[in-house]
Amino acid sequence: MRTALVNGRLLTGSGLVSGQTLLLSGARIEALVDPADARCKHAVTVDLGGQLLLPGFIDVQVNGGGGVLFNDDPNPESIRAIGAAHRRFGTTGFLPTLISDDLDTIGRGIAAVQASLDAGMPGVLGIHIEGPFLNWARRGVHDSKHLRLLDTSLVSLLSRLRGGRTVVTLAPEMTTPDMVAQLAAGGVLVSAGHSEASYAETTAAIAHGLRGFTHLFNAMARLEPREPGIVGAALYDENTWCGIIVDGHHVDPVMLKLALRCKRHDRFMLVTDAMPIVGSAESTFVLQGRTIQVVDGICRDENGTLAGTALDMAAAVRNAVSLLGLDIVEAARMASEYPAEFLGLGDELGRIAPGHRANLVLMDDNLQVRKTWIEGLAS
Ligand SMILES: [Zn+2]
């Protein structure tokens with residue numbers, strides 16, 4: 001079936017384009033054409049009403065949504081509920097994210113994502129395993145009883161997923177550069193986080209295949225005059241990606257603006273680090289036995305420690321515009337094209353381009369989500 005999306009402002013490789021029609025053929029984008037193109041004649045026409053059509057958002061760090069925490073019950077139905085909650089906010093691709101837990105839960109999480117991928121569940125791109133190979137001193141809300149060192153016995157578990165992407169967040173100082181290389185060789189995208197790694201430890205990990213940094217600035221040793229540390233390495237290295245939480249609470253916007261001056265914008269990606277509260281009417285949730293309160297949009301445990309976010313991707317995009325001063329084109333790319341590139345999926349996701357999967361989000365002038373498509377199917 002062919003669909004013609006007409007009368008939209010489309011984000012393409014050359015910026016925002018008006019007066020063109022986007023043709024979808026089945027699950028794929030077919031072409032961007034003149035409205036008079038003969039192929040439009042027999043297509044199902046959808047009038048976009050002059051609104052913004054953007055590549056569907058891709059979120060590489062989603063702990064939960066719709067009242068569901070992935071750790072609690074890692075099965076395909078949990079993943080479906082989380083995906084449905086986030087889709088309302090423009091997310092058309094995501095990695096269900098496990099925070100530090102026991103190995104059995106990690107195994108069940110991978111199996112649940114595998115079953116979801118095999119069943120073609122909309123939006124599921126893989127899994128993010130955040131911990132438990134983290135630094136105790138920077139554990140944040142992660143339960144210290146689960147934290148452990150990473151050794152070769154776990155490579156086969158962590159590289160088990162087929163047909164999707166696996167991101168593993170680890171503290172480089174809790175393992176060796178050789179382990180980073182082994183994971184990378186097994187297809188795992190290794191990201192550094194919850195870490196006090198020195199600059200030397202971090203650059204050694206980068207040289208061995210470290211691909212990114214998890215929620216830059218949060219749960220990391222600080223930039224110091226005589227020890228640039230993990231943050232210094234993340235900002236100085238030109239090639240690695242940085243996930244950033246732009247909710248106005250986790251990181252001062254000035255810090256994020258400084259980061260954006262340090263390296264190419266296409267090495268930053270908006271993440272939500274969302275908790276079950278997103279897409280839910282509740283104001284509390286339970287995280288591994290602890291009650292987390294959400295006050296003024298901030299999730300905190302009983303000690304006041306930040307416990308993920310109540311952020312959705314559409315809000316992250318709006319915040320990137322209002323707090324970081326980015327234009328909508330760059331903000332949207334940080335939520336689509338750049339995470340797609342981080343995942344190695346840039347040739348089929350993250351852009352409005354012929355041959356790409358028809359994953360799209362329609363936003364109004366207030367940057368509120370009006371409609372989404374995943375593989376050509378609207379919701
Ligand atoms: Zn974290």
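Here the structure is a predicted model, which means the values were calculated and not measured. In listed order, ligands and their atoms are each counted from 1.
The closest side-chain donor-acceptor pair between Glu330 and Tyr338 falls under 3.5 angstrom. Asp364 and Asn366 form no side-chain donor-acceptor contact under 3.5 Å, judged by distance and modelled atom types alone. In summary, the side chains of Thr91 and His86 do not present any donor paired with an acceptor at a separation below 3.5 Å, with no hydrogens or angles considered.
Looking at His194 and the Zn ion (ligand 1) together, the shortest N, O or S contact belongs to NE2. Closest N/O/S atom of Glu130 to the Zn ion (ligand 1): OE2.
Here the side chains of Thr169 and Leu134 are in contact, with some heavy-atom distance below 4.5 Å.
Among the atoms of His142, no N, O or S atom falls under 2.8 Å of the Zn ion (ligand 1).
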